[in-house]
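Below: one structure, written as structure tokens.
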There are 2 protein chains.
Amino acid sequence: MASEEPQLAEQDFKSARGPKRRAIVDAATAVFLEHGYGAASMDSIADKAGVSKQTVYSHFGSKAALFEAIIEDKCNELLSGQSAPAPSLPFAGTLDHEQVLKDMAENFLATVLAIPSVSLYRVVVAESARFPELAEAFYRAGPAVAIKNLGGLLKEMDKNRVLSVPDPVSSARLFYAMLRGDLYLRCLLGLASDPTPIERTAVVNEAVAAFLAAHAPA
Amino acid sequence: MASEEPQLAEQDFKSARGPKRRAIVDAATAVFLEHGYGAASMDSIADKAGVSKQTVYSHFGSKAALFEAIIEDKCNELLSGQSAPAPSLPFAGTLDHEQVLKDMAENFLATVLAIPSVSLYRVVVAESARFPELAEAFYRAGPAVAIKNLGGLLKEMDKNRVLSVPDPVSSARLFYAMLRGDLYLRCLLGLASDPTPIERTAVVNEAVAAFLAAHAPA
DNA sequence: GTCTATAAAAGGATAGAC
DNA sequence: GTCTATCCTTTTATAGAC
């Protein structure tokens with residue numbers, strides 16, 4: 001049944017069936033990320049998209065359905081930067097492992113400290129009780145992938161004896177925890193906003209230094 | 001002006017002016033922490049408190065004012081466990097510094113992973129744009145105090161040469177960042193709930209071990 | 001102070017024309 | 001598919017009696 005309507009590719013989710021859909025998606029994304037689920041109204045989304053409210057309901061059946069579609073899509077988009085399986089593993093031992101970790105840390109922090117990621121995190125955490133599937137989708141698209149990739153890299157470094165990493169997955173978790181430090185917390189609370197590259201680098205250097213000291217080869 | 005009405009002590013905030021006020025505070029706390037600001041209705045708070053809605057408005061003028069009073073109070077209450085200035089500093093050098101750090105870490109994790117703290121954090125982060133004063137009050141009552149206290153302790157340990165801590169405040173931030181790891185994230189997302197002491201201890205041991213390795217005396 | 005109504009407004013969702 | 005107009009529930013806030 002319904003075999004004539006195949007699953008939409010990621011690009012089609014936004015643009016398929018006319019340009020109005022794209023306008024709705026863009027508007028809903030902006031409104032939900034800025035105001036959260038409760039404070040976002042279907043009226044404001046329709047206004048911002050330049051369409052009538054009924055058109056919004058024609059494309060997405062309800063506010064909850066629209067929210068789920070937008071947020072799940074945004075999880076995959078924003079966190080896809082962490083999906084790269086890291087530098088090709090066979091070369092991990094020959095590269096400067098400190099620089100590899102610093103690059104990964106920089107990339108991670110630049111992503112998660114950016115305003116869209118902070119907004120997405122706020123919304124997902126706030127609505128995790130009402131939309132548990134979104135919380136799970138967020139975790140799977142972001143932290144889970146990042147941990148898995150870094151874990152693989154650390155395992156390789158352990159084999160090459162440049163680091164001592166008896167439990168690569170735990171160490172990967174610890175590494176990202178170190179990066180999600182005080183600066184991240186202050187961004188989430190709105191006390192700091194859009195940190196400069198200098199601030200990010202300071203966090204990266206401190207975390208990598210501590211991580212290397214804790215995993216020095218025997 | 002108004003000098004005849006002194007500032008209320010913390011206890012009086014809840015119980016002064018009749019027991020109904022206390023019932024309202026308790027009900028509002030429960031409802032706001034469970035549902036967040038937007039999804040909480042004044043009707044549900046009045047119902048849960050067993051009073052009429054008008055009584056709620058008589059004590060607190062508006063929903064926003066009630067929210068601010070409740071959340072700020074809860075920040076001070078929940079995070080006061082971190083306010084103890086740590087074991088008396090003169091003895092810091094003579095105690096087992098590893099055990100001191102483990103105890104602090106245990107105490108910290110037991111506090112922040114508990115359901116009320118997780119709920120409070122969710123609400124404050126979610127509403128940080130609408131109530132920036134609450135975000136600041138949260139940071140000052142919790143993370144700022146904890147960092148300051150641990151920083152003082154680390155400074156003492158550095159002087160006593162049991163650890164090498166050139167920048168005590170940065171190291172304190174790093175220590176707490178390590179503790180707010182994957183388990184904490186999963187609790188915020190509702191993917192894990194009320195972790196067991198065993199799970200907490202595993203995080204504590206890993207974080208303290210890494211921290212000690214990174215700050216081994218020269 | 002406290003309660004029972006009652007505004008007054010906002011917001012989610014639908015009907016029906018084109 | 002899209003729009004205008006409307007329904008109806010929820011919700012903040014207030015009026016007025018006791």
Side-chain angles (χ1 to χ4, degrees), chain A residues 4-5 8 12-71 123 126-127 129-131 134, chain B residues 4-5 8 12-71 123 126-127 129-131 134:
Chain A
E4 307 172 60
E5 174 116 16
L8 292 172
D12 293 348
F13 163 75
K14 293 177 179 173
S15 56
R17 283 171 279 178
K20 301 245 164 167
R21 188 183 179 90
R22 178 56 179 263
I24 294 169
V25 169
D26 288 346
T29 302
V31 173
F32 278 133
L33 287 187
E34 183 176 350
H35 296 101
Y37 181 74
S41 77
M42 296 295 266
D43 284 284
S44 68
I45 292 172
D47 283 357
K48 198 179 189 86
V51 303
S52 77
K53 195 160 56 164
Q54 178 61 25
T55 301
V56 178
Y57 277 93
S58 295
H59 283 269
F60 306 87
S62 68
K63 185 183 179 182
L66 177 58
F67 183 71
E68 288 175 6
I70 263 60
I71 298 300
V123 171
E127 301 301 330
R130 203 183 333 208
F131 299 96
L134 288 184
Chain B
E4 305 172 62
E5 173 115 14
L8 293 173
D12 292 348
F13 163 75
K14 293 176 180 174
S15 55
R17 283 171 279 179
K20 302 243 164 169
R21 188 185 179 90
R22 179 55 179 264
I24 294 169
V25 168
D26 288 346
T29 301
V31 174
F32 278 133
L33 287 187
E34 183 175 351
H35 296 102
Y37 180 74
S41 77
M42 296 295 266
D43 284 284
S44 68
I45 291 172
D47 283 359
K48 197 178 191 88
V51 302
S52 77
K53 196 161 51 166
Q54 178 61 23
T55 302
V56 179
Y57 277 95
S58 296
H59 284 268
F60 306 86
S62 68
K63 185 183 179 181
L66 177 59
F67 182 72
E68 288 175 6
I70 261 61
I71 298 300
V123 171
E127 301 300 330
R130 203 182 337 206
F131 299 97
L134 289 184

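Everything numeric in this text was worked out from a predicted model, so none of it was measured. So that the names make sense, note that chain A is the first sequence line, chain B the second, and so on, each numbered from 1.
For A:I24 and D:dG1, the CD1 to C1' distance is 10 Å, given to the nearest whole Å. Here D:dT14 presents its P atom at 15 Å from NZ of B:K63, a figure rounded to the nearest Å. Straight-line distance from the CZ atom of A:R21 to the C1' atom of D:dG1: 13 Å, rounded to whole Å.
The side chain of B:S58 places no N or O atom within less than 4.0 Å of a non-bridging phosphate oxygen (OP1 or OP2) of C:dT2.
Between A:Y57 and A:S62 the shortest heavy-atom distance is CE2-CA, 4.1 Å. The minimum heavy-atom distance linking A:G38 with A:E127 is given by the pair N-OE2, 4.4 Å. Of all non-hydrogen atoms in A:F13 and A:A69, the two that sit nearest each other are CZ-O, 3.6 Å.
No side-chain donor-acceptor contact under 3.5 Å links B:K48 to the backbone of B:D26.
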For residues 28-36 of chain A, which side-chain N or O atoms pair as donor and acceptor with protein atoms under 3.5 Å away, sequence neighbours left out?
| from | atom 1 | to | atom 2 | distance (Å) |
| --- | --- | --- | --- | --- |
| A:T29 | OG1 | A:V25 | O | 2.7 |

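Contacts between residues 34-46 of chain A and DNA chain D, defined by a heavy-atom separation under 4.0 Å, are absent. Contacts between residues 47-54 of chain A and DNA chain C, counted as heavy-atom distances below 4.0 Å, involve A:K53, A:Q54.
Side-chain contact between A:I71 and A:Y37 is absent, with no heavy atoms from C-beta onward closer than 4.5 Å.
The distance from atom NZ of A:K63 to atom CE of A:M42, rounded to the nearest 0.5 Å, is 8.0 Å.
Between the side chains of B:T55 and B:S52, at least one donor N or O lies within less than 3.5 Å of an accepting N or O.
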